[in-house]
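Ligands are counted one by one from 1 in listed order, and the atoms in each one are counted from 1 as well. Only this structure's heavy atoms are used, side chains among them; waters, hydrogens and symmetry mates stay out.
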Amino acid sequence: MSLPMNPEIFALIEQLSAEHTLSFSDYVFLIEHRSDAAAAELAKRADAKRKEIYGNQIFVRGLIEISNICKNNCLYCGIRRDNHSCSRYRLTEEEILYCCREGYDLGFRTFVLQGGEDGYYTDSVLCSLIRKIKDQHPDCAVTLSLGERSRRSYEMLREAGADRYLLRHETADAEHYRKLHPPEMSFDHRMNCLMDLKELSYQVGCGFMVGSPYQTPQTLAKDLKFVETFHPDMCGIGPFIPHQATPFAKQPAGTLELTLYLLSIIRLIQPNILLPATTALGTIDPKGREKGILAGANVVMPNLSPVSVRKKYELYDNKICTGEESAQCRGCLSRRMESIGYSLATDRGDIKK
Ligand code: SAH
């Protein structure tokens with residue numbers, strides 16, 4: 001980490017910029033031998049590549065956290081089934097439509113409905129909701145982030161009008177996946193969901209936490225190889241942050257430094273990718289999201305959920321933006337982006353092919 005950039009690392013950065021790919025072992029090397037100088041070089045190139053395609057426009061998505069009820073028991077997640085100290089909620093269709101209307105007036109043209117795997121949201125409940133959103137806001141994109149569902153379900157939601165789906169793969173290493181999830185959850189199933197989503201012509205987002213327990217340079221190299229071969233439209237990465245009521249309560253958080261490094265690498269792998277500067281990044285550093293943009297990210301996702309539930313959707317400790325009204329969240333992010341020479345776009349923010 002403290003070593004100055006050696007010529008070998010510089011050559012790898014040049015190769016990655018030109019060819020958008022490195023071998024598995026070169027990714028491991030690039031991660032293991034990183035330095036401040038290497039990070040600065042990667043960020044400079046990532047920022048330039050992104051500007052070539054998207055100028056100084058940052059895309060914005062309104063995040064609506066529709067439910068924190070979840071049947072799963074992921075070891076890292078604050079809304080896991082076994083966290084009995086979590087106070088559970090579920091938004092009604094009315095409340096969600098209200099958030100969308102409010103968001104629309106604030107300039108949002110993408111709504112992300114995210115939540116735990118809550119059995120209340122059957123296909124018919126979701127299809128009716130999606131149809132209403134698309135009906136009321138035909139110029140908006142609807143993104144779902146509701147976990148693993150059957151192919152048939154994804155197909156019906158797509159037919160109802162959903163445009164995009166975010167399903168982080170969490171780790172591209174099956175053994176690592178088993179250390180982060182209970183035995184009833186399967187790596188293959190999650191990967192199959194991602195393949196299904198792609199075949200159903202969703203714009204698909206994968207992603208992973210940086211610094212999750214048991215992560216190594218080798219598992220990260222697999223994540224990068226996965227991004228290279230899967231060609232996602234989006235990739236959500238943010239630091240792992242422990243939640244006090246999970247089995248990983250005492251694990252260290254992921255770092256700002258490694259998250260920024262990986263954002264730059266992913267931008268260079270796929271220059272047109274949609275890459276959010278996440279709320280988790282803003283949580284571990286007060287300027288985390290700005291630093292994320294400067295390292296190559298081009299999406300921010302301010303919170304549109306009703307203020308009364310924001311604290312309850314607590315995937316990790318000390319989540320930011322839980323007290324502000326939606327308008328404040330948007331205004332704050334807009335000012336933050338302007339402070340570093342970027343501006344928030346008011347359109348759907350589709351990927352440029
Ligand atoms: N149930 C949905 C949405 C999950 S929440 C799904 O399965 O996709 C969105 C993302 O938050 C997760 O994919 C995970 O990568 C991230 N997350 C969960 N717990 C976290 C933690 N403790 N620190 C940082 N990110 C976390």
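Partners of Thr229 under the side chain to side chain contact (heavy atoms under 4.5 Å, CB included) rule, at least two apart in sequence or in another chain, do not exist in this structure.
Residue Lys225 qualifies as enclosed at atom NZ: its count of foreign heavy atoms under 6.0 Å is above 12. Applying the 6.0 Å contact sphere to NZ of Lys352 captures more than 12 heavy atoms from other residues, nucleotides or ligands. Surrounding OH of Tyr98 are at most 12 heavy atoms belonging to other residues, nucleotides or ligands under 6.0 Å away.
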Close N/O pairs between ligand 1 and protein, under 3.5 Å:
unit_1, atom_1, unit_2, atom_2, d
ligand 1, 1 (N), Gly115, O, 3.0
ligand 1, 7 (O), Arg190, NH2, 3.3
ligand 1, 8 (O), Arg190, NH2, 3.2
ligand 1, 13 (O), Glu170, OE2, 2.5
ligand 1, 15 (O), Arg168, NH1, 3.0
ligand 1, 15 (O), Glu170, OE1, 2.7
ligand 1, 15 (O), Glu170, OE2, 3.4
ligand 1, 22 (N), Tyr76, O, 3.0
ligand 1, 22 (N), Ile241, O, 2.7
ligand 1, 22 (N), Leu315, O, 3.3
ligand 1, 23 (N), Ile241, N, 3.0
ligand 1, 23 (N), Ile241, O, 3.3

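Separation of the His137 and Phe111 ring centroids falls under the 6.0 Å cut-off. Residues Tyr76 and Phe240 keep their aromatic ring centres 6.0 Å or farther apart.
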